[in-house]
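Written out below as structure tokens is the structure these notes cover.
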Amino acid sequence: MSYVTLCQVSCSLPVLRWFFFLHLFYRLCRFLFSLVFCEDFSDDALCCINIFGRTEVIDNTLNPDFVRKYILDYFFEEKQNLRFDLYDVDSKSPDLSKHDFLGQVFCTLGEIVGSPASRLEKPLGSFSSFSFLHRGIPGKKCGTIILSAEELSNCRDSATMQFCANKLDKKDFFGKSDPFMVFYRSNEDGTFTICHKTEVVKNTLNPVWQPFTIPVRALCNGDYDRTIKVEVYDWDRDGSHDFIGDFTTSYRELARGQSQFNVYEVINTKKKMKKKKYVNSGTVTLLSFSVESEFTFLDYIKGGTQINFTVAIDFTASNGNPSQSTSLHYMNPYQLNAYAMALKAVGEIIQDYDSDKMFPALGFGAKLPPDGRVSHEFPLNGNLENPYCNGIEGILEAYHESLKTVQLYGPTNFAPVVNHVARYAAAVQDGSQYFVLLIITDGVISDMAQTKEAIVNAAKLPMSIIIVGVGQAEFDAMVELDGDDIRVSSRGKLAERDIVQFVPFRDYMDRTGNHVLSMARLAKDVLAEIPDQFISYMKTRGVKPNPAPPPYTPPGHTHHHTQI
């Protein structure tokens with residue numbers, strides 16, 4: 001027999017839901033597979049773990065392909081840690097200690113989602129920080145786990161349709177009729193809820209209504225066979241509209257498009273009961289029907305769009321002498337400083353959406369060796385030709401080395417680093433890449449006019465800007481750049497989109513000293529707007545996501561997965 005266990009810490013309300021298709025390759029006969037969700041992989045985090053679920057058991061196979069799927073809440077702005085445990089089942093006991101532990105894998109949900117085709121393959125390890133719970137197999141290759149995720153359809157389609165009518169009943173004494181239609185969605189209790197009303201077409205018995213667009217969710221709540229009732233009325237100025245008749249259909253029928261199946265008789269039941277020769281009160285014909293999907297952030301990620309992360313760090317003198325403990329740049333051997341904590345919190349989430357994990361890292365406001373030239377966009381690694389660092393740890397290492405070589409100076413200019421990233425974004429506007437710039441600063445901005453102009457220009461590009469203010473300075477100017485209330489403007493020109501998110505680091509310092517949770521909250525708040533900013537760019541430019549690669553089929557398997 002085989003099970004799966006998934007553990008999850010408490011989190012905010014769901015945004016997106018996912019199916020998990022779990023494929024495992026291992027030289028065993030019987031399996032129990034457990035999936036664990038936890039906030040932290042350290043031993044101290046064990047109290048956060050809650051069992052989520054277990055897969056079915058698959059007997060006598062070396063390559064189990066688990067059928068059971070798991071729906072998880074997905075949040076771009078959070079680091080959602082996962083742990084997968086594999087067991088060989090020896091009995092019917094639900095107690096994991098009664099079975100042989102074979103290996104485990106750690107990853108984040110972002111890693112799976114950000115992998116090509118949302119498919120992540122990882123080798124199973126035999127020991128971890130939780131290994132005291134299990135009987136592992138030291139030094140032995142434990143096989144491979146393949147995890148794939150698919151966004152659960154949330155009925156994101158919108159339908160556009162157009163109708164006309166023919167020979168409707170005449171309701172006005174001095175003229176014809178002024179017809180309009182009202183669409184109702186049926187509810188599970190048999191009642192109906194209005195979901196659309198057409199415009200009124202004056203003085204005709206043969207109206208042609210304008211095309212209209214309605215979310216499929218509003219029309220039928222995703223149930224293609226749910227009854228849709230349409231009532232036809234003659235409009236009256238006093239609001240006492242005259243009922244002409246009605247008909248019923250369904251989304252599935254409408255989706256056939258213009259055909260003999262979508263010509264409906266309009267029936268007035270009361271009139272039909274009174275008149276023996278009654279046929280109908282006219283007909284309504286569907287002229288056209290089309291469906292368009294509302295693409296999500298994850299549609300683009302699955303289609304191959306890469307998130308390019310760049311960090312820019314403030315090296316102005318107001319940060320204080322790095323060799324003194326009062327400096328914001330002080331390198332405490334026991335604890336990361338505010339710059340490093342902010343960088344690590346945001347970077348560790350964004351890195352899951354960049355395939356090569358190579359990130360440009362810049363500094364501004366320092367004098368550089370050997371001549372003391374002041375620069376506002378210098379590479380932290382000292383390489384003008386190649387400012388890329390390997391992963392978040394590479395950025396932190398380059399940051400530490402820069403503190404040993406440059407002289408903190410000033411002023412605090414943002415425009416150069418914004419324009420630096422904008423030049424790269426301007427070269428790739430086909431939807432294949434999106435750029436996120438993280439600026440970490442301690443002071444009042446010195447080039448406000450130039451930065452506003454740079455932001456207005458950058459708002460036309462596939463780019464977002466995150467600003468984290470560290471220290472105790474006043475950050476009123478930063479709030480002005482965060483265009484949540486008033487859109488940033490320059491020389492009378494408004495930014496096309498709101499692309500800036502600012503937060504003060506001090507608002508996230510936990511008094512208990514729990515930096516893990518406080519930095520998770522910081523990352524969540526600064527990254528929460530990125531998906532919407534991303535989508536707003538793609539929509540305004542008419543960029544559609546590339547098709548996702550076909551689902552992965554394990555060797556020797558010919559069947560196809562069916563989405564529920």
Side-chain angles (χ1 to χ4, degrees), residues 15-16 74 76-77 113-114 116-118 150-162 196 210-219 222 251 254-255 257-258 287-310 350 353-355 418-419 421-437 453-466 483-484 487-490 493-501 527-550:
V15 176
L16 296 171
Y74 165 75
F76 169 78
E77 67 273 16
V113 172
S118 296
E150 182 177 71
E151 188 175 358
L152 184 61
S153 174
N154 198 21
C155 205
R156 293 180 282 111
D157 294 343
S158 291
T160 300
M161 58 191 86
Q162 183 179 21
H196 181 73
Q210 293 293 319
F212 65 90
T213 300
I214 182 171
V216 174
R217 181 173 56 253
L219 191 62
Y251 178 85
L254 293 172
Q258 185 181 26
L287 295 178
S288 63
F289 182 94
S290 61
V291 179
E292 185 171 324
S293 292
E294 292 288 330
F295 297 115
T296 67
F297 172 73
L298 293 174
D299 289 327
Y300 291 90
I301 296 300
K302 288 192 293 182
T305 298
Q306 293 286 297
I307 305 296
N308 294 311
F309 177 56
T310 301
I350 291 185
Y353 302 87
D354 188 306
S355 59
V418 173
N419 290 327
V421 176
R423 286 193 295 271
Y424 287 91
V428 190
Q429 299 188 53
D430 59 357
S432 63
Q433 298 183 54
Y434 193 85
F435 296 78
V436 176
L437 168 62
E453 184 175 9
I455 290 171
V456 169
N457 293 331
K460 305 173 186 176
L461 303 172
M463 177 175 169
S464 291
I465 301 169
I466 297 167
D484 286 342
R487 190 69 58 85
V488 176
S489 63
S490 174
K493 189 176 181 181
L494 283 173
E496 283 187 16
R497 303 180 294 125
D498 172 21
I499 65 168
V500 178
Q501 174 74 351
L527 292 173
E529 293 186 11
I530 297 295
D532 286 342
Q533 292 174 2
F534 176 103
I535 289 296
S536 71
Y537 172 80
M538 299 299 180
K539 288 185 73 171
T540 56
R541 294 298 181 270
V543 178
K544 295 184 177 180
N546 292 323

If I take atom [atom1] from residue [X] and atom [atom2] from residue [Y], how far apart are they, to the nearest 0.5 angstrom?
X: Ile499; Y: Ile455; atom1: CD1; atom2: CD1; value: 6.5 Å
X: Gln162; Y: Phe212; atom1: CD; atom2: CZ; value: 9.5 Å
X: Asp157; Y: Ile214; atom1: CG; atom2: CD1; value: 13.0 Å
X: Thr305; Y: Asn546; atom1: OG1; atom2: CG; value: 6.5 Å

*asked:* We want to know whether Gln306 and Ser355 form a side-chain donor-acceptor pair, criterion being a heavy-atom distance below 3.5 angstrom.
replied: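 Yes, Ser355 and Gln306 have a side-chain donor paired with an acceptor closer than 3.5 Å.
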If you take all heavy atoms of [X] and [Y], which pair is closest and at what distance?
X: Thr213; Y: Ser158; answer: CG2-CB, 3.9 Å
X: Glu529; Y: Val500; answer: OE1-O, 4.3 Å
X: Pro531; Y: Leu527; answer: CD-O, 3.5 Å
X: Ala422; Y: Leu461; answer: O-CD1, 3.5 Å

*Residues two or more places apart in sequence or in another chain: which of them pass side-chain contact (heavy atoms from CB on, under 4.5 Å) with Ala528?*
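By the side-chain contact (heavy atoms from CB on, under 4.5 Å) rule, Ala528 matches Glu77.
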*Tyr434 and Tyr300: aromatic ring centres closer than 6.0 Å?*
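When the ring centroids of Tyr434 and Tyr300 are compared, they turn out to be at least 6.0 Å apart.
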*Is the ring centre of Tyr251 less than 6.0 Å from the ring centre of Phe289?*
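Yes: the rings meet the under 6.0 Å criterion.
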_Pairing of Lys544 and Glu292 as salt bridge, 4.0 angstrom limit_ =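 A salt bridge is absent here (no side-chain N lies under 4.0 Å from a carboxylate O).
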_Audit row: Thr310, Tyr424, side chain to side chain contact (heavy atoms under 4.5 Å, CB included) steps and yes/no_ = CA-CA 11 Å; Thr310 301; Tyr424 287 91; over 6 Å; no
*Phe76/Phe297 under ring pair (Phe, Tyr, Trp, His ring centres under 6.0 Å): CA gap, chis, key distance, verdict*: CA-CA 9 Å; Phe76 169 78; Phe297 172 73; 4.9 Å; yes
